[in-house]
Amino acid sequence: MLENRPSKLGNLLLEIGVLLMSSGANTHRIRVTINRIADCYNYKTDFLITHRTIILTLKDVEGNTAFTQLKQTNTLVPNFRIVSGISRLSWNLVENKLPIQSIWEEINRLKSLPHYPRFIVLIVVAFACSSFCRLSGGGFLDMGIVFISSFSGLFLKQEMAKKKTNPYIGVLLASFFTSLISGGILFFMSSNQQSIILVTSILYLIPGIPLINSITDILDGYSLNGMIRGVNGTVTSFAIAAGLLLAMLIFKTF
């Protein structure tokens with residue numbers, strides 16, 4: 001039986017919007033997904049999506065307001081498994097007209113999916129940075145230096161995230177610590193690729209998702225969200241550069 005109580009549907013749509021925003025979806029995808037689900041239950045939506053809040057109003061077929069509420073978004077933790085899972089769920093709903101309770105169960109299942117083991121993430125990210133070092137002309141010894149420094153820097157960044165450190169401070173410290181390790185090893189070992197080692201060791205900090213979503217939001221007409229995401233990406237980039245600069249000043253590497 002199709003459940004269409006507006007309060008249950010409204011809370012579900014807000015939860016989906018918050019999950020998509022915090023998982024790295026752009027504003028257009030969030031809007032399209034919410035509208036698609038609401039249409040399946042014969043409701044129209046009016047909502048405002050900002051970087052920190054989603055405000056949603058549901059209207060019935062007669063245009064009467066049936067639900068209005070806001071929900072605060074969470075910190076960005078990229079998880080494209082949730083983004084793709086919600087997208088598949090919305091299309092499944094269009095075809096099969098699932099009850100709201102079934103959708104909640106699927107949302108909870110997506111939220112409970114285990115993440116990759118931390119040690120695996122550290123190794124894969126460090127290997128990716130060292131691979132970029134190789135592509136940029138570095139040797140195998142240079143790749144080893146990048147691997148060690150990026151592994152250690154990401155470990156520190158994850159620890160600071162657990163302690164809820166300011167994300168910009170966390171990025172600055174991670175950049176400084178990573179560059180400090182690279183510079184410290186290079187201080188005792190000679191290499192012709194010092195610049196490549198320093199740059200590629202901090203590639204894991206590059207804010208790719210905020211910058212990409214900033215451009216797509218602006219192109220789609222969501223200028224406010226695009227500018228906010230762009231500013232966040234820019235400040236993060238400055239934090240990366242500041243950490244690298246401090247390490248370069250210590251080792252006098254220019």
Side-chain angles (χ1 to χ4, degrees), residues 1-116 208-230 232:
M1 179 178 180
L2 188 63
E3 176 62 72
N4 61 356
R5 291 182 59 184
S7 60
K8 290 185 177 181
L9 178 61
N11 288 322
L12 172 66
L13 294 177
L14 285 172
E15 180 67 16
I16 289 174
V18 167
L19 275 176
L20 289 173
M21 176 66 77
S22 62
S23 297
N26 60 44
T27 305
H28 181 70
R29 177 185 283 268
I30 299 171
R31 180 176 292 274
V32 168
T33 302
I34 290 178
N35 280 331
R36 182 185 301 143
I37 296 175
D39 288 342
C40 293
Y41 294 96
N42 299 319
Y43 280 94
K44 297 300 180 182
T45 59
D46 288 326
F47 52 88
L48 174 66
I49 302 174
T50 70
H51 190 65
R52 289 296 184 186
T53 307
I54 296 179
I55 304 174
L56 172 69
T57 296
L58 287 181
K59 294 183 178 180
D60 58 24
V61 292
E62 298 178 354
N64 300 317
T65 300
F67 174 89
T68 298
Q69 191 168 310
L70 63 84
K71 189 176 181 68
Q72 187 173 0
T73 60
N74 302 319
T75 304
L76 175 64
V77 180
N79 190 337
F80 291 109
R81 183 184 297 180
I82 287 182
V83 175
S84 60
I86 292 177
S87 180
R88 289 194 302 269
L89 175 63
S90 67
W91 284 111
N92 186 26
L93 176 61
V94 170
E95 296 176 357
N96 299 316
K97 305 298 182 182
L98 302 173
I100 291 178
Q101 183 58 36
S102 297
I103 301 177
W104 270 114
E105 292 174 357
E106 177 62 15
I107 293 297
N108 291 330
R109 187 191 70 82
L110 290 172
K111 291 166 62 176
S112 65
L113 289 175
H115 295 282
Y116 293 107
I209 293 175
L211 292 176
I212 293 173
N213 283 342
S214 169
I215 295 173
T216 57
D217 280 353
I218 291 175
L219 293 177
D220 289 332
Y222 308 107
S223 302
L224 179 59
N225 283 349
M227 288 188 291
I228 292 174
R229 282 170 159 161
N232 286 338

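All values below were derived from every heavy atom in this structure, side-chain atoms included, with hydrogens, water molecules and symmetry-related copies excluded.
Between Tyr43 and Leu9, some side-chain heavy-atom pair lies under the 4.5 Å cut-off. Using a 4.5 Å heavy-atom threshold, the side chains of Leu13 and Phe67 count as separate. Side-chain contact between Tyr222 and Asn26: absent, with no pair of heavy atoms (C-beta onward) separated by less than 4.5 Å. Residues Asn79 and His115 are in side-chain contact: their nearest non-hydrogen atoms beyond the backbone lie under 4.5 Å apart.
Here the closest non-hydrogen pair linking Arg81 and Pro114 is NH1-O, 3.1 Å. Of all the heavy atoms in Arg229 and Ala25, the pair that sits closest is NH2-O, 2.9 Å. When all heavy atoms are compared, the tightest approach of Glu15 to Lys111 is OE2-NZ, 3.0 Å. Among all heavy-atom pairs drawn from Ile16 and Ile107, the shortest one is CG1-CD1, 3.9 Å. The two residues Leu76 and Pro210 make their nearest non-hydrogen contact at CD2-CG, 4.0 Å. Heavy-atom minimum distance, Leu58 versus Pro6: CD1-O, 3.5 Å.
Within the model, atoms CD1 of Ile100 and SG of Cys40 stand 11.0 Å from one another, a figure rounded to the nearest 0.5 Å. In this structure, Thr216 OG1 and Leu211 CG are separated by 10.5 Å, a value rounded to the nearest 0.5 Å. Atom OG1 of Thr57 sits about 10.0 Å away from atom CD of Gln69, to the nearest 0.5 Å. Distance CG/Asn35 to OG1/Thr45: 3.5 Å, rounded to 0.5 Å. Between atom CD1 of residue Ile82 and atom CG of residue Leu20 there is a gap of 8.5 Å, rounded to the nearest 0.5 Å. Summarising the geometry, atom NE2 belonging to His28 is positioned 13.5 Å from atom CG belonging to Asn225; distances are rounded to the nearest 0.5 Å.
Enclosure of atom CZ in Arg29 is not indicated, since only 12 or fewer non-hydrogen atoms of other residues, nucleotides or ligands lie within 6.0 angstrom. Taking a 6.0 Å sphere around CH2 of Trp91, one finds it holds 12 or fewer heavy atoms contributed by other residues, nucleotides or ligands.
Salt-bridge formation is not detected for the pair Asp60/Lys44: no Lys NZ or Arg NE/NH1/NH2 atom is positioned less than 4.0 Å from an Asp or Glu carboxylate oxygen.
Formation of a donor-acceptor pair under 3.5 Å by the Ser22 side chain with backbone atoms of Leu19 is found in this model. In terms of modelled atom types and a separation under 3.5 Å, the side chain of Asn213 and the main chain of Gly24 share a donor-acceptor contact. Proximity of a side-chain donor or acceptor of Thr33 to a complementary backbone N or O of Ile30 within less than 3.5 Å is not detected.
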*Does the side-chain contact (heavy atoms from CB on, under 4.5 Å) test come out yes or no for Phe47 and Leu14, once each step is laid out?*
CA-CA 10 Å; Phe47 52 88; Leu14 285 172; over 6 Å; no
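When each of Asp46, Thr65, Thr68 is checked for a side-chain hydrogen bond (donor to acceptor under 3.5 Å, both in side chains) with Lys59, only Asp46 meets the rule. Tested against His51, the residues Ile228, Thr27, Thr73 include a single side chain to side chain contact (heavy atoms under 4.5 Å, CB included) partner, Ile228.
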